[in-house]
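Worksheet: one structure, shown below.
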Amino acid sequence: MVIPHHFLGYWGYGAQQELEALLSSILENLSPNLSPCRGEALNFPPSLLGKGVRGLGLKSQFSAQENYSPPIWNVVHIGIHGTPPLQQNQIAAVSASGLFSSPDAWVSLQENNCLILGREPFGKVPLYWTQQGQIIWFASQLQLLLPILHQSEVSIPGLYGYSCFSYVPTPLTPINGVFAVTAGTELVWQSDRQSGILKTPESKKIHSWREAPEQLTDEATAITELQTLLKNSIERQIADLKDEPVGVFLSGGLDSSVVAALLVQAGVKVRAYTLDFGNAGIPEYPYSEQVAQFLKIPLVKVAVTPSSIENALIPTVQALDLPFGDGVCVPLYLLSERASQETQVIFNGEGGDQLFAGWTNKPLIAAGVYQAENPAGQETFIQQYLRTFHRLRGYESQVYQPEVYAQIQNLHPEDWLLAALDRNECPSLLHRLRRAGLMLKGAQNIHPRATALGFAHGLWVRSPFCDLPLAEWTFRLSGELCLQGACEKYILKRAVENWLPPEIVWRQKRGMGVPLTSWCLNDFWHQLGIWLNPKRLRAHNHFYPHIAAQIVEGKLGAAIQGRRIGETLWLLIMWQLWRSHVLNEELSKQSWDHPFWLHRWLWRNYKRWQD
């Protein structure tokens, strides 16, 4: 089985000797965290060196034109010996699952001097590019492109997007001049044969989540069809497995439990992995234990403690490549680390919430109904959708330093949601919300970070709910089959109710209870003064220097209380650590003008005395 890997390459018009020297220099100085097999990583396959596509052995297809030079190109695969399996005309590809019959990100060359960068619609693997002169550089990791740039500068729109969503919305990245290919699209560059000038890329939508014109309303038919689709999805994802065991991340929720049940039914050897937050968080592992016992599979509990989180924090930031501000990232890093000791293939239940209208849709449906009845209300539906991210939108004047605040005045986060909430593609509210979930939280957050954390530990990541026939079928479902009364995912629960214990199938959904506020206000209290040090924030000139103190004192905003305190602090921490450990920015000296050098009990008593 091929191992997880990345690629870096270029295409266009330039001095090939200089480009090859730059490519070699990048590989020689490759950071160890970029590949699980750094010691075996350097790979300059002779078949991929040279002009045009003749190096691929496609000379009979792509003939050179007289009196003009075709664009030059080269690709290096990092973390793998040789070249991974490629489809026709492809020069690079990555698959999150390791199944290269359907790659998740790819680079192709066409006979008419076209370069194509493409991604599938679930967004499992990112793809980045930058233009330097008349050369397009492309890579499956952002960090691989940083040495190409003359200077790595933070993108203010990217920073603002991150602070609104906890991820950087595509096609932005956190770096000026580097862009991401949007999931479900291909970018196409053409070269002018006479001038050697590259044209502006054309964006082509290769897939769009669209509501079916005829909706399925018969429950019995839907149950039968859904059961078949789920089993077919699993069959496709185990087709390459011999007799080796696989892992499954088992939270005890419905989606991961369904995946575990399907694997067991298919006769696969399965070992489950679950997180244990002890007494600090919402205990989920009792549900995981119940599922594992019911399915008769072994369960490995991975303890998550403040010390294990702190030790894994920087490796997680480096593995993620992009800044992701959700508190679940480091626990999932620990889970992947443990699973990699026993398997190379991990399954998860990611994508189930987006496909079957999970619990987060309920308040949005209520908001949509209210908006329809009160079109002149204070907030539009898109603004209400934006608030569900519970990040820093609305606090800009308190969050940013004046220079950044001035630069974001013409930026409107609602614009990053418009395509996902397109009424033309999905006229009915529930389908529109599911479309948005797939395009936003799914393709730009959940799936790429799952792949990054898996790849960091040499794991292929397989998500059976990210199955195109299954996903397209869900857009045929009538609303009452997805959400019946207060019961979300109704049709999925009906389809699997005989596969799992009833208390697992029908229990109320809760999010993963990562105890961020408890950790930040207790175990990481002193570390807050380092990670979010006022002097360092002042030097970076982005966030207000004393923002951490404002948050813990409850002065930033009335909505940032309770668990939102930890979530907001974590958002800022992950950004700052990304700057220092991915961008490798030098850290300035620390200041002591903050409360975090005091013991927390002393600070609390001091605040009471002040009040």
Side-chain angles (χ1 to χ4, degrees), residues 96 104-105 119-128 140-142 155 157-174 179-185 209 249 251 253 255-256 316-317 319-333 335-336 348-355 357-361 364 385-393 413 416-417 419-421 433-456 461 463 465-466 471 511-512 514 516 567-568 570-575 577-578 582:
D104 298 315
R119 292 177 69 204
E120 50 75 42
F122 294 103
K124 288 174 283 187
V125 175
L127 182 53
Y128 306 102
S140 57
Q141 264 199 329
L142 181 72
S155 162
L159 165 65
Y160 186 36
Y162 171 82
S163 71
C164 291
F165 304 118
S166 85
Y167 61 82
V168 179
T170 57
L172 299 174
T173 74
F179 304 95
V181 179
T182 301
T185 64
W209 304 114
F249 288 163
S251 69
D255 302 331
S256 61
T316 300
V317 170
L320 287 170
D321 192 41
L322 284 180
F324 289 97
D326 290 345
V328 73
C329 293
V330 187
L332 289 178
Y333 178 94
L335 205 61
S336 298
N348 63 41
E350 304 290 19
D353 280 337
Q354 289 76 47
L355 282 193
W359 62 291
T360 56
N361 287 286
L364 286 166
Y385 190 95
L386 182 58
R387 279 203 292 116
T388 66
F389 288 90
H390 299 293
R391 294 303 185 254
L392 292 172
R393 166 65 170 163
W416 294 315
L417 308 179
L421 290 166
L433 290 174
R434 295 194 311 103
R435 169 185 163 89
L438 286 161
M439 293 177 64
L440 300 171
K441 295 176 182 177
Q444 300 186 49
N445 187 3
I446 294 171
H447 299 307
R449 81 182 183 209
T451 301
L453 294 174
F455 274 25
V461 180
S463 307
F465 287 109
C466 292
M512 185 176 290
V514 184
L516 292 176
E567 290 172 354
T568 308
W570 205 254
L571 180 82
L572 299 169
I573 290 167
M574 294 296 278
W575 175 266
L577 291 177
W578 175 82
V582 175

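- Side-chain contact between L392 and L572: present, with at least one pair of heavy atoms (C-beta onward) separated by less than 4.5 Å.
- By the 30° and 60° cut-offs, the orientation of the rings of F122 relative to W209 is tilted.
- Taking all atoms of both residues into account, the shortest heavy-atom contact from F324 to N445 is CD2-OD1, 3.4 Å.
- When all heavy atoms of A456 and A319 are compared, the pair lying nearest together is CB-CB, 3.5 Å.
- Once rounded to the nearest 0.5 Å, the distance linking OG of S155 with OH of Y162 reads 14.0 Å.
- The structure places CH2 of W578 at 6.5 Å from CG of L142, a figure rounded to the nearest 0.5 Å.
- Distance check: E350 CD to L355 CG gives 11.5 Å after rounding to the nearest 0.5 Å.
- How far CG of L320 is from CG of L453: 4.5 Å, rounded to the nearest 0.5 Å.
- Without hydrogens or angle criteria, Q444 side chain to T170 main chain gives a donor-acceptor distance under 3.5 Å.
- The nearest pair of heavy atoms linking A180 to L172 is CB-O, 4.1 Å.
- A salt bridge between D353 and K441 is absent, with no side-chain N of the basic residue lying under 4.0 Å from a carboxylate O of the acidic one.
- Looking at heavy atoms from C-beta onward, W570 lies out of side-chain contact with C329 at the 4.5 angstrom threshold.
- No side-chain heavy atom of P323 sits less than 4.5 Å from a side-chain heavy atom of M574.
- In terms of modelled atom types and a separation under 3.5 Å, the side chain of R391 and the main chain of S163 share no donor-acceptor contact.
- Expressed to the nearest 0.5 Å, how far CG of L433 lies from CG of L421 amounts to 7.0 Å.
- Using a distance-only test at 3.5 Å, with no hydrogens or angles considered, no donor-acceptor pair links the side chain of Y160 to the main chain of P413.
- In this structure, the side chain of R449 does not engage the main chain of L322 through any donor-acceptor pair within 3.5 Å.
- Ring geometry, F165 versus Y167: the interplanar angle falls under 30°, so the pair is classed parallel (tilted spans 30 to 60°).
- A heavy-atom distance below 4.5 Å is not found between the side chains of L438 and P121.
- Taking OG of S140 as the start and CG of D104 as the end, the distance is 11.5 Å to the nearest 0.5 Å.
- Using modelled atom types, no side-chain atom of Q354 and backbone atom of A357 make a donor-acceptor pair closer than 3.5 Å.
- Minimum heavy-atom separation, R119 to V125: NE-O, 2.8 Å.
- In this structure a side-chain-to-backbone donor-acceptor pair under 3.5 Å is present from T451 to K124.
- Across all non-hydrogen atoms, the minimal contact from V461 to A450 is CG2-O, 3.7 Å.
- The two residues Y385 and G437 make their nearest non-hydrogen contact at OH-N, 4.0 Å.
- In terms of the ring-ring contact (aromatic ring centres under 6.0 Å, His included) criterion, F249 has no residue partners (sequence neighbours excluded).
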